[in-house]
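All residue numbers refer to positions in the sequence shown, counting from 1. All values reported here derive from a predicted model rather than from experimental measurement.
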Amino acid sequence: MRIKKIETFTTQYIGFVKITADSGDVGWGQMSTYHSDITSMVMHRQVAPHAIGQDAMKILPLVTLITEREHKFPGSYLRRALAGLDTALWDLRGQVEGKPVCSLIGGSPGTVRAYASSMKRDITPVDEADRLSRLRDQFGFDAFKFRVGSECGRDKDEWPGRTEEIVDVMSRTMGDESALLVDANSCYSPAKAIEYGKMFQDKGISHFEEPCPYWEFDQTREVTAALDIDVTGGEQDCDIPTWKRMIDDDVVNIIQPDICYIGGISRALEVAKMAEQKGLPCTPHCANLSLVTLFTMHFLRSIPNAGKYLEFSIEGLDYYPWQHGLYEEDPYIIVDGKATVTDRPGWGVEINKQWLTQSTHTASE
């Protein structure tokens with residue numbers, strides 16, 4: 001079965017990919033969110049020419065071939081485009097075999113515990129605790145992530161005292177029965193991260209994400225070695241040798257690849273395997289309700305070193321207006337704090353036809 005046609009349907013924020021085989025079978029995937037219109041250009045210029053005519057069932061060899069053919073472009077945009085190819089091919093295979101993707105990669109359908117993931121820093125600690133409490137009561141979440149520091153903030157808080165206040169408020173409000181996670185988004189120097197990390201430990205927080213500039217591995221390793229709390233990271237990294245260094249050098253306690261940033265399921269499985277051999281859990285980054293969260297649900301149902309939970313964005317259309325109307329049927333229903341991977345073939349989701357008609361369509365064949 002050979003790849004006959006690759007189509008993209010894009011806006012600035014979302015880029016869906018449709019692959020048609022010479023047999024007539026079809027698979028759907030997604031490139032990474034954000035500047036997806038640019039990523040679509042990369043898809044048709046640097047990915048599709050290598051993929052057309054290739055065996056649609058040999059996914060990892062094809063993805064590897066393209067990275068080698070495009071070796072002068074080792075950065076993020078190529079991987080963001082590869083994610084669209086890879087995930088569409090996994091869906092195609094699922095449709096052909098009548099199996100969900102999780103079953104194709106060693107897992108099975110079922111539920112995944114989710115944590116409610118806040119993306120906001122412009123919210124007061126009291127308001128944040130209030131909305132997370134309502135989500136706990138409505139959907140049964142028992143794990144919550146909120147933001148500390150400021151993004152790439154060079155030790156500065158979003159406003160003075162916010163981090164101390166939100167940690168205190170969340171600890172008192174959510175209680176011992178809830179798992180609490182914090183994300184610093186590369187804010188701190190090692191000394192400040194260690195100072196805050198010890199406070200987080202004392203307040204019962206179990207997960208400290210991206211404490212230092214993510215590209216400064218030595219800084220993050222220093223924090224990891226100094227704390228008992230789990231230090232986590234990796235969402236931005238898309239290069240396999242970089243991942244090998246991160247894992248081999250004990251930079252973090254938990255790895256967090258983003259399936260769409262890293263280049264798809266096949267490459268994410270490679271990284272998860274490296275982490276498994278090192279004894280590290282894998283809790284992927286998936287910070288919006290595009291298909292990346294569905295990909296991650298299948299992924300977590302399949303790897304032996306899956307972390308404790310699925311990241312599940314709680315932000316609605318006020319924060320992500322481009323999330324509106326993506327699917328014919330919502331695949332993200334939380335019951336008792338869990339999301340469900342169904343037994344439908346492939347990804348088990350259908351893209352909204354009206355959304356597709358309003359997007360920019362490009363084809364390579």
Side-chain angles (χ1 to χ4, degrees), residues 32 59-61 63-68 70-76 78-80 82-83 86 105-107 152 181-191 193-194 197 200-201 206-287 292 295-296 299-300 302-311:
S32 180
I59 304 173
L60 179 58
V63 169
T64 302
L65 172 68
I66 293 170
T67 60
E68 292 174 354
E70 296 292 334
H71 63 273
K72 291 185 180 293
F73 298 89
S76 176
L78 183 65
R79 274 64 181 174
R80 287 166 177 254
L82 281 171
D86 173 279
I105 59 176
C152 295
L181 303 78
V182 297
D183 191 345
N185 291 112
S186 298
C187 179
Y188 301 122
S189 63
I194 292 168
F200 299 155
Q201 291 173 177
S206 58
H207 168 121
F208 188 7
E209 186 168 332
E210 252 184 26
C212 300
Y214 74 84
W215 56 92
E216 297 287 1
F217 280 6
D218 290 344
Q219 292 186 21
T220 301
R221 184 192 303 108
E222 182 179 346
V223 177
T224 300
L227 298 177
D228 296 325
I229 191 173
D230 283 329
V231 174
T232 76
E235 68 183 69
Q236 315 294 353
D237 295 291
C238 62
D239 183 51
I240 298 298
T242 298
W243 273 105
K244 186 175 188 305
R245 179 187 161 207
M246 182 191 301
I247 292 167
D248 288 348
D249 291 355
D250 301 312
V251 174
V252 294
N253 303 118
I254 297 173
I255 65 162
Q256 295 184 279
D258 183 301
I259 288 168
C260 284
Y261 293 172
I262 201 173
I265 287 285
S266 304
R267 287 167 59 85
L269 287 171
E270 284 191 282
V271 168
K273 184 65 175 180
M274 288 190 286
E276 179 195 356
Q277 293 170 348
K278 189 75 172 181
L280 297 179
C282 180
T283 303
H285 171 263
C286 50
V292 67
F295 300 157
T296 304
F299 185 80
L300 287 171
S302 307
I303 59 173
N305 56 328
K308 298 176 183 178
Y309 15 56
L310 163 79
E311 179 172 19

Out of curiosity, [X] [atom1] to [Y] [atom2], how far, rounded to the nearest 0.5 Å?
| X | Y | atom1 | atom2 | result |
| --- | --- | --- | --- | --- |
| T242 | F217 | OG1 | CZ | 6.0 Å |
| S186 | E216 | OG | CD | 10.0 Å |
| N305 | K273 | CG | NZ | 8.5 Å |
| D237 | I262 | CG | CD1 | 8.0 Å |
| T232 | D183 | OG1 | CG | 7.0 Å |
| K72 | L78 | NZ | CG | 14.0 Å |

K244 atom NZ: more than 12 heavy-atom contacts under 6.0 Å
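No.
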Does the Lys NZ or Arg CZ of R79 fall within the cation-pi geometry relative to Y261 - under 6.0 Å from the ring centre and within 45° of the axis?
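Because its charged atom misses either the 6.0 Å distance or the 45° angle limit, R79 does not stack over Y261.
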What closest approach, in Å, do [X] and [Y] show between heavy atoms, and which atom pair accounts for it?
| X | Y | result |
| --- | --- | --- |
| A184 | F208 | CB-CE1, 3.9 Å |
| T220 | P213 | OG1-O, 4.3 Å |
| A272 | I255 | CA-CD1, 4.4 Å |
| V251 | T224 | O-OG1, 2.7 Å |
| S189 | Q219 | CA-OE1, 4.5 Å |
| M246 | G233 | SD-O, 4.3 Å |

Heavy-atom side-chain proximity of [X] to [Y] below 4.5 angstrom:
| X | Y | answer |
| --- | --- | --- |
| I240 | V271 | yes |
| C286 | I259 | no |
| F200 | V182 | yes |
| F299 | C282 | yes |
| P284 | L300 | yes |
| V231 | P211 | yes |
| Q236 | E210 | yes |

Does R267 pair with E270 as a salt bridge, N-O distance under 4.0 Å?
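Not counted as a salt bridge, because no side-chain N and carboxylate O are separated by less than 4.0 Å.
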With a 4.0 Å cut-off on N to O distance, would you call D249 and R221 a salt bridge?
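Yes, charged N to carboxylate O under 4.0 Å.
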From CA spacing to verdict: side-chain contact (heavy atoms from CB on, under 4.5 Å), L181, Y309:
CA-CA 11 Å; L181 303 78; Y309 15 56; 3.7 Å; yes
CA sep, side-chain torsions, deciding dist, call: F295, C260, side-chain contact (heavy atoms from CB on, under 4.5 Å)
CA-CA 9 Å; F295 300 157; C260 284; 3.9 Å; yes
Please test Q256 against H207 for side-chain contact (heavy atoms from CB on, under 4.5 Å), starting from the C-alpha separation and ending with a verdict.
CA-CA 12 Å; Q256 295 184 279; H207 168 121; 3.7 Å; yes
Please determine, by modelled atom types, if D86 and S266 share a side-chain donor-acceptor pair under 3.5 angstrom.
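Yes, side-chain donor-acceptor contact under 3.5 Å.
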Under 3.5 Å, is there a donor-acceptor pair between the side chain of E235 and the main chain of D258?
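No, the answer is negative, given that no donor and acceptor are paired below the 3.5 Å cut-off.
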side-chain contact (heavy atoms from CB on, under 4.5 Å) evaluation trace for L280 with I247:
CA-CA 8 Å; L280 297 179; I247 292 167; 4.2 Å; yes
